[in-house]
Colleague: 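Take this structure first; my questions come after.
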Amino acid sequence: MMMLQADSLHIKRANRAALNGINFHVNSGEIYALLGGNGAGKSTTLLSFLGFLKPSQGQVRVKGIEVKSNIAAARKVMTYLPESASLYDHMNAYENLKYFLQLAKRHVTESDIQHALNRVSLNQDSWKIKLRDYSKGMRQKVAIALSILRDTDILLLDEPTSGLDPAAIDEFHALIRDLANNGKAILMVTHDVYGACQVAERIGLLRDGQLVGEFSSHSDAPIDPQIVHSAFLRNK
Amino acid sequence: MKEIVYIAVGELRYWLRSHLALGGSLVFLMLISITSILTTGHINAENNARVQQQKNAEDTFLTQPDRHPHRMVHYGHYVFRSPPPLATFDPGLDAITGQSIFLEGHRQNTAMFAESGASADLGGLSWLSPALVYQIFAPLIIILLGHGAIAREREAALLTPILSLGVSGYSLVLGKALALLIFIIIIMIPLMVTCTIAVFKGADPIAAGLLFCVYLLYLIVWGIMTLCVSSILHKRSTVLAVLSSCWFIFNLALPSLAVNFVTYTTPLSGKIETDLTLLADLHKVGDGHNINDPAFGQLREQLLKKYNAQSLADLPVNFRGIVAIEGERKLTNVLNSYAARRMAGETQQSQQLANYGWLTPTLAITFISRSIAGTDLANYHRFQKEAEALRFSFVQKLNHAHAEQLSYSDDIQRNKDEASGLKARINASNWKSLGSYHFKKSILSDRVKSAFYSFNILLTWFFEMCIMLFLCARGINS
Ligand SMILES: Nc1ncnc2c1ncn2[C@@H]1O[C@H](COP(=O)(O)OP(=O)(O)OP(=O)(O)O)[C@@H](O)[C@H]1O
Ligand SMILES: [Mg+2]
């Protein structure tokens with residue numbers, strides 16, 4: 001089932017075209033990775049699905065609903081992990097998760113939270129420490145835990161592995177693989193070509209607001225990072 | 001709706017963990033507690049002192065021996081104005097206008113300060129009352145706490161993630177507003193305590209309740225203003241700069257400028273020039289001490305004709321007393337017309353100043369607060385009028401005694417020798433006609449009526465701010 005859909009999507013930011021007519025979709029049970037250089041329009045794509053940026057042409061659809069016509073309904077079924085793990089510095093991991101989940105009207109138990117924190121392998125000693133004393137990777141883990149706990153059908157992840165150590169990246173890949181296998185649709189922005197090739201079914205390559213290439217894996221043969229890498233570097 | 005409460009709780013938790021918010025609130029609560037305690041103590045002591053001084057003045061007057069009635073007219077008497085119970089919260093004009101008036105024949109004296117407590121050597125600084133702390137400093141603490149409410153989230157890139165949870169901009173703003181409202185109610189506890197004590201000391205509970213409500217409204221206006229700016233601008237530092245400027249303009253610059261404008265556009269006539277024309281007018285009335293003053297010639301003829309008498313000595317009444325009565329009546333009419341003109345001028349100035357409430361809510365609350373507390377200009381005028389009524393009544397009672405109880409022949413002989421002087425006296429029991437005086441607080445409906453205009457202004461501020469907040473919240477939505 002098509003969970004996310006961009007149809008000739010044009011977005012203007014600061015009077016300049018940030019997205020220039022892109023077309024793609026993400027199915028349920030699928031991980032779609034968006035690759036591209038800085039300023040290519042990856043974050044812009046995610047924000048337009050969330051309804052924060054309105055298309056100047058074309059449209060975005062979430063579960064078949066046009067986002068513009070019902071932003072609230074669209075946001076309800078999506079989890080957004082922002083670029084800079086945005087959480088509250090004056091609260092600890094526990095409090096952050098509780099607060100965000102309350103606002104998302106999602107009821108979870110203490111053990112749900114503990115389970116999620118364990119799944120992102122955040123050291124148990126730091127659960128009750130305020131986030132202002134966290135490292136970048138630790139914050140990122142809390143943000144990922146929040147995305148799991150939201151338990152929505154669609155996940156929009158903006159550079160989720162930034163700041164994570166190699167072991168944590170592997171764990172994260174296993175985690176989203178698991179989520180996708182359970183039917184979630186995952187749209188992930190990343191700069192990690194090799195990681196993307198490992199975990200994603202499909203990869204879209206963005207350049208200057210245009211989708212310049214799409215790569216798919218075939219039954220048990222993952223995407224070849226070499227090909228993606230050279231495509232990335234071409235015309236740069 | 002639940003999310004609004006969650007957001008409010010989250011904001012309160014942030015403040016509890018912020019040293020700036022805690023420190024600021026603590027300083028404010030200390031300031032308001034100290035001023036409340038000092039002002040309540042001061043006003044209560046003042047009240048007791050006035051009651052005592054009034055009693056002493058009355059005792060002194062009553063214990064005077066038999067005298068010539070006109071000597072008592074000039075002996076005079078003091079009246080004191082005791083502060084209304086809610087002056088413990090807002091002394092208003094009471095603090096800067098005189099509390100006692102010396103009553104005597106032929107003159108309307110201005111009110112004087114009964115004590116030298118607020119002397120010039122205090123550098124001209126005025127008494128910091130709880131009302132002033134709420135009017136001036138409470139907005140500052142609201143700004144200090146509230147300026148980051150939304151700008152902080154935006155600055156920390158938290159706004160998008162929060163909204164992506166499905167929280168609307170309205171909920172976000174309302175949650176922050178709820179937190180600010182709770183904070184405002186907390187800092188209003190000292191006001192509640194002060195007003196409750198005042199109620200036990202005789203203040204109307206309704207007036208105390210109204211004071212609470214209008215200050216709540218005033219601080220809410222500031223709270224909303226803070227939220228609006230916080231939700232429009234992108235950086236906390238700019239929000240703080242803009243709000244501090246608003247505070248300076250609304251609380252300090254505009255009220256002072258308004259006073260300048262009103263004094264310039266609606267000037268009162270100068271004291272010296274009025275005194276000169278008053279003197280000329282009084283001259284026309286005639287001198288009540290001089291029975292030969294042509295001003296009383298007609299009166300003399302009328303009386304002689306009425307009693308069919310040949311000379312003043314044949315009259316059944318003492319013509320000197322009659323002249324004193326007539327002289328005082330005419331003179332008081334002139335004095336009253338001048339006083340009425342002066343009060344009308346002052347009232348007009350005060351109304352002009354109240355108009356500037358449309359430009360700054362601080363002026364609006366100042367007027368409402370004084371009116372409800374009973375410490376406004378109208379109340380001061382009431383004291384002057386009551387004092388004048390008392391003066392006129394006691395002077396005329398003495399003049400009547402002069403006319404009826406002292407014979408004309410005894411009266412004109414009074415300076416001949418000691419025995420004649422003793423004969424030209426009336427019984428000291430006459431002094432009792434003075435009666436006792438107590439300046440009562442004005443009736444509530446009058447106070448509410450005079451607060452009404454400025455209250456409408458404040459209410460308009462409130463609704464305008466609500467609309468602004470609605471528009472700001474709508475801007476956050478996307
Ligand atoms: N807040 C903003 N306001 C205006 N224009 C913006 C804003 N953020 C990004 N842009 C513009 O939008 C375009 C796409 O930016 P976007 O953030 O989507 O890039 P990106 O692919 O996510 O890059 P990065 O890898 O650096 O995160 C850029 O040209 C950028 O200048
Ligand atoms: Mg980006």
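Hydrogens, waters and symmetry mates play no part in the numbers below; they use all other heavy atoms, side chains included. Worth saying up front: this structure is predicted, and the values here are computed from it rather than measured. Chain naming here is simple, since letters A, B, ... match the order of the sequence lines and numbering starts at 1 in each.
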Colleague: So, does A/Ser86 use its side chain to make a donor-acceptor pair with the main chain of B/Ala157 at under 3.5 Å?
Modeller: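 The answer is yes, because a donor-acceptor pair under 3.5 Å joins these two groups.
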Colleague: Over all heavy atoms of both residues, which pair between A/Tyr99 and B/Ile7 is shortest? Give the atoms and the distance, please.
Modeller: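 Distance-wise, the nearest heavy atoms are OH-CA, 3.5 Å.
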Colleague: Could you check which of B/Gly166, B/Ser18, B/Pro161 has the highest count of heavy-atom pairs closer than 4.5 Å to chain A?
Modeller: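 The residue among B/Gly166, B/Ser18, B/Pro161 with the greatest pair count is B/Pro161.
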Colleague: What's the separation between atom OG in B/Ser164 and atom CG in A/Leu103, rounded to the nearest 0.5 Å?
Modeller: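 The OG atom of B/Ser164 sits 10.5 Å away from the CG atom of A/Leu103.
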Colleague: May I ask you to decide if A/His90's main-chain N or O and B/Arg17's side chain share a donor-acceptor pair within less than 3.5 Å?
Modeller: yes
Colleague: Given heavy-atom pairs under 4.5 angstrom as the criterion, report whether the side chain, backbone, both or neither of A/Leu50 touches chain B.
Modeller: side chain
Colleague: Please check if the number of heavy atoms outside A/Asp208 that lie under 6.0 Å from its CG is greater than 12.
Modeller: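 Incorrect, the count does not exceed 12.
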Colleague: Is any side-chain heavy atom of A/Lys98 closer than 4.5 Å to one of B/Tyr6?
Modeller: no
Colleague: Under a 4.5 Å heavy-atom cutoff, which of A/Lys105, A/Met91, A/Glu83 has the most pairs with chain B?
Modeller: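 Option with the top pair count is A/Met91.
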Colleague: Heavy-atom distance under 4.5 Å to chain B: side chain of A/Leu87, backbone, both or neither?
Modeller: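 Interface part for A/Leu87: backbone (N, CA, C, O).
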Colleague: Please check if the number of heavy atoms outside B/Met468 that lie under 6.0 Å from its CE is greater than 12.
Modeller: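 Check fails, neighbour count at 12 or below.
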Colleague: Between B/Arg152 and A/Tyr88, does a side-chain contact (heavy atoms from CB on, under 4.5 Å) hold up when you go through it step by step?
Modeller: CA-CA 10 Å; B/Arg152 189 180 65 239; A/Tyr88 288 94; 5.6 Å; no
Colleague: Do A/Arg150 and B/Leu165 have side chains that get closer than 4.5 Å, going by heavy atoms?
Modeller: yes
Colleague: With a 4.5 Å heavy-atom cut-off, do B/Leu158 and A/Phe100 have their side chains touching?
Modeller: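 With C-beta onward as the side chain, the pair touches.
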